[in-house]
Amino acid sequence: MTLRLFNTLTGQLDDLVPSDGLALRMYACGPTVYDFGHIGNFRTFLQVDVLRRFLKLTGVNVLHVMNITDVDDKIIRNAAAAGIPISEYTPRFIDAFFEDLESLRVERPEQIARATDHIDRMVELVQRLAAVGAAYKTEDGSWYFRLAAFPEYGKLSKKDLSGMEDGARVDVDEYEKDSARDFALWKAVKPGETSWDTPIGRGRPGWHIECSAMAMEYLGESFDLHAGGEDLMFPHHENEIAQSESVTHKPFARHWMHVRFLLVDGRKMSKSEGNFYTLRDLLLKGYKASAIRMALISVPYRHQLNFTFDGLTEATNAIERLRTFHQRLLQGNFAAGANPALRAAAEKAQADYMAALANDLNTAEARAPIFDLIRTSNTAIDQSQFFAGDRDAILAVLASFDAVFDVIEDRDAEPTRRAVEWAEKAGRVADIAPGLLARESLNDEAIDALVAERTLAKKQRNFARADQIRNELAEKGILIEDSKDGVRWKRK
RNA sequence: GCACCGGUGGCGAAGUGGCUAACGCGCAGGUCUGCAAAACCUGUAUUCGCGGGUUCGAAACCCGCCCGGUGCUCCA
């Protein structure tokens with residue numbers, strides 16, 4: 001099964017396979033750590049997670065590099081405002097970022113690369129660019145990329161810059177640049193700003209150079225896939241190509257994947273619109289991490305996703321159906337034997353599921369065969385046509401589903417607990433949804449004891465007491481289900 | 001202004017020339033149950049923004065229009 005993935009560079013679906021036959025080498029732009037991540041950021045990271053998980057499911061090894069931009073204008077500004085050096089400012093947001101990824105069950109890339117750990121590689125790249133005449137230094141000590149040195153500029157974003165390259169005609173504010181479109185490789189030191197003393201002068205790197213330098217450091221001069229949000233296509237990725245290919249004369253990344261922006265309530269998310277949410281905001285409102293994951297990956301990556309609270313509720317309920325069924329399989333007592341029709345259904349579901357994902361990661365289409373199989377199986381169970389031998393076949397399909405979606409196993413308590421803990425420290429107790437803490441107040445043993453008491457009451461036909469217990473538990477988010485295989489309970 | 005993407009049931013969403021238009025959520029009725037929950041069954045778009053056209057045949061292709069969104073600048 002080969003993944004056919006839309007390639008921005010070619011404008012069509014291309015097979016994504018490791019060019020060296022060993023591992024798929026991919027680079028995905030990571031966060032700029034000046035604040036907590038918001039759901040827009042996480043949609044992109046989640047979709048890249050879907051990609052790498054699906055590749056692994058098809059047996060492809062992955063070497064995934066993610067950068068952390070830990071020096072840029074916003075970081076410098078915010079750190080200055082906080083009165084601390086950036087080396088003290090960024091770590092807490094880096095930690096928060098990885099904590100959030102863990103909450104969302106995003107797999108760690110094989111290699112994390114911080115910009116400030118790779119200054120010398122960036123300096124080397126600027127020197128190489130200067131050597132081939134693609135970089136020049138201005139009076140103030142900054143270095144710029146000479147766009148005129150790279151005729152293919154614009155090939156990724158399909159921009160025709162022919163009318164704009166006439167730098168001499170443009171009214172250029174930054175008079176020292178040769179052309180208005182030339183972009184910064186290295187910014188000369190300014191008073192009070194973080195800087196590094198290097199062979200090309202004292203200063204700090206431009207934004208684009210870090211990705212070229214670090215991608216080549218870990219993946220080589222030419223690699224398989226480069227991914228990121230759609231906004232990065234231009235100018236960021238275009239500039240990366242220019243910087244890299246000008247010195248290597250090889251294709252930088254063969255395949256480019258861009259994840260579409262999401263909307264919130266039909267509008268672009270922004271702080272001024274009041275529709276801006278971090279992961280922590282949603283967890284504190286009582287939404288489960290798994291539901292957020294599900295909502296953000298269920299709309300295919302190339303489609304605009306309109307994020308709403310109704311959508312989160314839908315995702316919550318869909319996960320509930322998956323988990324209830326999963327639990328039913330694990331706890332049920334099935335007679336020996338097997339139902340050939342179920343084996344066939346499982347095989348078909350598995351094939352359809354894989355085919356949907358192989359088709360440009362169509363996550364929406366991929367869900368359908370799984371839910372079909374659940375209905376078919378539930379029907380069989382209800383009719384006593386489901387046997388012990390069927391269980392493993394169905395569980396294997398669910399495992400394939402969860403290898404990518406990863407929402408069935410309930411690990412939602414921990415992210416919520418962490419968010420609450422953080423809110424208490426950060427003085428945001430008022431943002432914690434009522435009942436969120438009460439929900440965690442009952443431990444499993446206490447619940448089991450109450451459930452046992454209810455079962456006894458039922459046996460004695462004391463339904464008033466039994467219902468009283470059920471209501472008490474319901475108030476704390478514990479739902480009880482009676483079945484012929486015994487009583488099940490779950491946390492809502 | 002230029003460019004791009006989209007408009008499918010109450011909501012989300014798949015489907016891009018031909019089977020009864022997936023799937024999830026919701027809602028209504030039924031079965032089961034002490035009552036529930038879960039599960040299952042039935043119903044929930046005679047039709048895919050609007051108007052033309054191409055075709056034996058279109059939600060899908062073409063033209064026009066209306067509406068929503070995005071990019072062209074820092075942004076995942």
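Letters A, B, ... mirror the listed sequences (proteins, then strands); counts begin at 1. From a predicted model like this one, the values you see are computed outputs, not experimental measurements.
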### Message
Can you measure A:Asp182 atom CG to B:U73 atom C1' for me and round it to whole angstrom units?
### Response
17 Å

#### Entry: Rounded distance in Å - CD (A:Glu314) to P (B:C27)
13 Å

### Query
Does the ring centre of A:His237 sit less than 6.0 Å away from the ring centre of A:His226?
yes

### Task
May I ask you to check whether A:Phe145 and A:Phe183 place their ring centres under 6.0 Å from each other?
yes

### Length of the CD-P vector between A:Gln47 and B:A76, whole Å
17 Å

### Under-4.0 Å salt bridge between A:Glu320 and A:Arg323
no

### Query
Given B:C23, is OP1 or OP2 found less than 4.0 Å from the side-chain N or O atoms of A:Arg321?
no

### Task
Would you indicate what A:Gly266 reaches in the nucleic acid, counting non-hydrogen atoms under 4.0 angstrom: base, sugar-phosphate, or nothing?
sugar-phosphate

### Query
Starting at OH of A:Tyr301 and ending at P of B:A13, how long is that distance when rounded to a whole Å?
17 Å

### Distance-only side-chain donor-acceptor flag, A:Arg204 / A:Thr194, under 3.5 Å
no

### Query
For residues 354-367 of chain A, which residues have at least one heavy atom under 4.0 Å from RNA chain B?
A:Asn362, A:Ala364, A:Glu365, A:Arg367

### Query
Rounded to whole angstroms, how far apart are CZ on A:Arg461 and P on B:U33?
12 Å

### Task
Taking atom C1' in both B:U8 and B:A45, compute the distance separating them and give it to the nearest angstrom.
8 Å

### Message
Do A:Arg293 and A:Phe405 form a cation-pi contact, if we require the NZ or CZ to be under 6.0 Å from the six-membered ring centre and within 45 degrees of the ring's axis?
### Response
no

### Query
Quick one: is A:Lys158 getting a side-chain N or O under 4.0 Å of the B:G71 phosphate, OP1 or OP2?
no

### Query
When the aromatic ring centroids of A:Phe45 and A:Phe97 are compared, is their separation below 6.0 Å?
yes

### Query
Going by 5.5 Å between centroids and 30° between planes, is there a stack of A:Phe261 over B:A76?
yes

#### Entry: Spacing of the P atoms in B:U47 and B:C5 (rounded, Å)
29 Å

### Message
Tell me the interatomic distance from A:Ile480, atom CD1, to B:A36, atom C1', rounded to whole angstroms.
### Response
11 Å

### Query
What does A:Glu481 touch in the nucleic acid at a heavy-atom separation under 4.0 angstrom: a base, only the sugar-phosphate, or nothing?
base

### Quiz item: A:Asp467 side-chain donor-acceptor pair to B:G34 base, under 3.5 Å
yes

### Query
Is it the case that A:Arg321 places NZ or CZ above or below the six-membered ring of A:Phe371, under 6.0 angstrom from the centre and within 45 degrees of the axis?
no

### Message
Quick one, A:Phe93 with A:Tyr34, criterion ring pair (Phe, Tyr, Trp, His ring centres under 6.0 Å). Give me CA distance, side-chain angles, the key distance, then yes/no.
### Response
CA-CA 7 Å; A:Phe93 289 115; A:Tyr34 65 98; 8.1 Å; no

### Query
Is the gap between the ring centers of A:Phe252 and A:Phe223 under 6.0 Å?
yes

### Query
Considering only heavy atoms from C-beta outward, does the side chain of A:Thr8 approach that of A:Leu156 to under 4.5 Å?
yes

### Summary
Symbol by symbol from the 5' end, with Watson-Crick or G-U pairs under 3.5 Å, [ ] crossing and | another strand, RNA chain B is ((((((((.[[[..)..(....]]]((((((.......))))))....[[[[[..)....]]]]])))))))....

### Message
Below the 4.0 Å mark, does B:G26 have OP1 or OP2 next to a side-chain nitrogen or oxygen of A:Asn317?
### Response
yes

### Query
Which part of the nucleic acid, if any, lies within contact of A:Pro31, taking any heavy atom under 4.0 Å across all strands shown: a base, the sugar-phosphate backbone alone, or nothing?
nothing

### Query
For A:Arg302 and A:Leu479, take the nucleotide of RNA chain B holding the closest heavy atom to each; which residue's nucleotide lies nearer the 5' end?
A:Arg302

### Query
Is any N or O donor-acceptor pair between the side chain of A:Arg260 and the base of B:A76 shorter than 3.5 Å?
no

### Task
Measure from the side-chain heavy atoms of A:Leu232 and tell me the nearest of B:C25, B:A76, B:C74.
B:A76

#### Entry: A:Arg146/A:Asp182 ion pair, N-O < 4.0 Å
no

### Message
Just to be sure I understand the rule, does A:Phe463 reach a base, reach only the sugar-phosphate, or reach nothing, if contact means heavy atoms closer than 4.0 Å?
### Response
base

### Summary
note: A:His303, atom NE2; B:G6, atom P; distance rounded to Å ~ 7 Å

### Message
Between A:Glu472 and A:Lys476 (salt bridge meaning N to carboxylate O under 4.0 Å), is one present in this structure?
### Response
no

### Message
On the nucleotide B:G69, are OP1 or OP2 found under 4.0 Å from the side-chain N or O atoms that A:Arg267 carries?
### Response
yes

### Message
Using a 4.0 Å heavy-atom cut-off, does A:Gly311 contact any base of the nucleic acid, only the sugar-phosphate backbone, or nothing at all?
### Response
nothing

### Message
Using a 6.0 Å cut-off, check whether atom NZ of A:Lys348 has over 12 heavy atoms from anything other than its own residue.
### Response
no

### Query
Quick one: is B:U73 close enough that its OP1 or OP2 comes under 4.0 Å of any side-chain N or O from A:Arg181?
yes

#### Entry: Distance flag, aromatic centroids of A:Phe309 and A:Tyr277, threshold under 6.0 Å
yes

### Task
Determine the contact category for A:Asp372: base if any of its heavy atoms lies under 4.0 Å from a base atom, sugar-phosphate if only primed atoms, P, OP1 or OP2 are that close, otherwise nothing.
sugar-phosphate

### Message
Measuring centre to centre across the rings, with the benzene-like ring taken for any Trp, is A:His38 within less than 6.0 Å of A:Phe307?
### Response
no

### Query
Near RNA chain B, which residues from residues 379-407 of chain A have a heavy atom under 4.0 Å away?
A:Thr379, A:Asp382

### Query
For atom C1', what is the distance between B:A38 and B:C32, given to the nearest Å?
11 Å

### Task
Please measure how far the C1' atom in B:C65 lies from the corresponding atom in B:G7, and state the result in whole Å.
14 Å

### Query
Considering only the P atoms, how many Å lie between B:A36 and B:G29, rounded to the nearest integer?
12 Å

### A:Lys74 NZ - B:A76 C1' separation (whole Å)
11 Å

### Task
Using the P atoms only, state how far B:G53 lies from B:G9, rounded to an integer number of Å.
25 Å

#### Entry: Out of B:A38, B:C40, B:A36, whichever nucleotide has its closest atom nearest the side chain of A:Arg470
B:A36

### Message
Once you apply a heavy-atom cut-off of 4.0 Å, does A:Arg328 come out as touching a base, just sugar-phosphate, or nothing?
### Response
sugar-phosphate

